[in-house]
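No experiment lies behind these values; they were computed from the predicted model shown. Below, chains carry the letters A, B, ... as their sequence lines are ordered, and counting in each starts from 1. Below, all heavy atoms of this structure are taken into account, side chains as well, without hydrogens, waters or symmetry copies.
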2 protein chains.
Amino acid sequence: MVDPSDREFSEPNEAIMQATYRALREYGYADLTIKRIAEEYGKSTAAIHYYYDTKEDLLAAFLDYLLERFVDSIHEVETTDPEKRLELLLDELLVKPQENPDLSIALLEMRSQAPYKKAFSQRFQQNDEYIRYMLKAVINHGIDEGVFEDVDADHATRALMTIVDGGRTRAVVLDEPGGLETARRTASEYVDAMLR
Amino acid sequence: MVDPSDREFSEPNEAIMQATYRALREYGYADLTIKRIAEEYGKSTAAIHYYYDTKEDLLAAFLDYLLERFVDSIHEVETTDPEKRLELLLDELLVKPQENPDLSIALLEMRSQAPYKKAFSQRFQQNDEYIRYMLKAVINHGIDEGVFEDVDADHATRALMTIVDGGRTRAVVLDEPGGLETARRTASEYVDAMLR
DNA sequence: CCAAACTTACTAACTAGTCAGTAAAAAGCG
DNA sequence: CGCTTTTTACTGACTAGTTAGTAAGTTTGG
């Protein structure tokens with residue numbers, strides 16, 4: 001048995017995380033059951049409960065696992081030129097998700113559960129803060145270097161995040177990848193109009 | 001058009017629609033059960049099944065009921081001056097939802113189920129088309145009257161819809177009504193920058 | 001009287017989670 | 001080293017609860 005007090009310091013079970021990922025993409029969050037994760041895992045449901053006491057624990061660990069990978073991909077953007085860097089970050093947020101529509105669907109489902117699941121809302125909020133911090137830093141850097149107008153960086157960041165989340169939502173709800181493309185174009189228009 | 005004999009277009013049971021509305025706001029979509037709707041209705045679960053064969057039928061009828069009311073509220077915007085009308089429409093889309101956060105939460109939950117429920121996706125898609133049509137008409141009217149720049153009206157409309165959906169999503173996921181306010185400001189900035 | 005509008009009682013399926021037992025690997029030890 | 005004990009990583013069977021939906025019988029209003 002795993003001591004719950006050690007849980008946040010213990011490493012996630014990679015095979016179970018992968019199984020959860022596959023089950024989530026296949027069935028969606030609403031129809032995600034321990035049984036289905038166990039089937040992907042290739043073992044019994046009790047084997048899952050051996051590592052994670054409750055379904056909530058498992059899903060919280062899975063969200064950590066997912067968002068950690070997402071943060072890593074954002075962190076890998078290496079250009080320091082503000083204009084180029086901002087465009088690359090927006091690509092990461094709006095172009096890369098096009099590769100994995102099933103995951104985008106499941107992620108919106110989980111996001112919509114944030115008001116009911118404290119563990120979810122905490123993690124999504126923290127993730128949002130991080131991305132906002134990255135965007136704001138680039139914008140402030142650009143303002144300092146004189147390539148961007150001296151605008152309200154906090155608002156400009158939130159505006160871009162709004163466009164990003166709008167594109168993500170529309171791509172899922174309206175079942176058209178074009179939602180992300182429209183958002184990508186709109187984000188660039190916003191940057192051109194407000195920051196230069 | 002549509003076959004009027006089709007079951008899903010028969011008149012909804014007002015009391016059941018109201019009960020569904022209350023149950024949805026109280027428990028959210030994920031925990032919405034026939035039993036809970038029946039409790040709000042004040043009758044047995046079988047009484048619900050007397051009017052609606054399946055849960056899916058009931059929810060499809062409820063979505064029709066909800067979206068019809070939403071469309072009516074949009075339709076009530078009466079100004080013909082393009083600039084004023086566009087601002088009033090954006091208020092309707094981004095300010096009015098602030099009055100009912102619980103409904104906004106439940107609506108995002110239902111929207112996130114669109115990829116799995118044909119009945120949902122159909123209705124949300126139709127609703128989106130209608131709002132887009134209204135926005136596009138105003139923008140084209142403004143272009144014709146010379147108060148707006150001669151831009152790509154279709155893209156400008158989609159851009160505004162992206163900002164609207166981004167604000168809605170962020171208000172729910174991040175639990176801050178400020179998400180809608182940021183979106184409202186961003187929408188006006190977009191209009192100012194691109195249409196004038 | 002009769003049809004519409006129910007109720008009560010039920011079922012079949014599915015859910016998360018528990019429990020007792022087990023095989024094998026690891027650790028302790030003389 | 002060789003033997004015992006403990007721990008890890010499970011399995012299979014089970015519980016208790018919830019779900020949508022049904023069937024048969026009952027009340028009620030025109």
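For B/A46, the listed nucleotide lying nearest its side chain is C/dT7; candidates were C/dG17, D/dT11, C/dT7.
A straight line from OH of B/Y52 to P of C/dA5 spans 12 Å, rounded to a whole angstrom. Following rounding to the nearest Å, A/L58 (CG) and C/dT15 (C1') show an atom-to-atom distance of 15 Å. Distance, A/D53 CG to C/dT18 P: 7 Å, rounded to whole Å. Whole-Å rounding puts the B/I48 CD1 to D/dT19 C1' distance at 15 Å. For B/H49 and C/dT11, the NE2 to C1' distance is 13 Å, given to the nearest whole Å. The nearest whole Å value for the distance from the CD1 atom in B/I16 to the P atom in C/dA5 is 10 Å.
For C/dC6, neither phosphate oxygen OP1 nor OP2 lies less than 4.0 angstrom from any side-chain nitrogen or oxygen of B/Y50. Within the structure, a side-chain polar atom (N or O) of A/Y51 is placed less than 4.0 Å from OP1 or OP2 of D/dC10.
The aromatic rings of B/F62 and B/Y21 lie tilted to each other, with the angle between the two planes from 30° to 60°.
The shortest distance between side-chain heavy atoms of A/Q98 and A/E181 falls below 4.5 Å.
When atom types are taken as modelled, the side chain of A/R184 and the backbone of A/L94 share no donor-acceptor pair closer than 3.5 angstrom. The backbone N or O of A/Y65 lies less than 3.5 Å from no partner atom in the side chain of A/R69, so there is not a single donor-acceptor pair.
Under the 3.5 Å distance criterion, with hydrogens and angles disregarded, no donor-acceptor pair is assigned to the side chains of A/Q18 and A/E40.
Between B/R111 and B/D165 there is a salt bridge, with a side-chain nitrogen of the basic residue lying less than 4.0 Å from a carboxylate oxygen of the acidic one.
Near DNA chain D, meaning a heavy atom under 4.0 Å away, the residues from residues 30-43 of chain A are A/Y41, A/K43.
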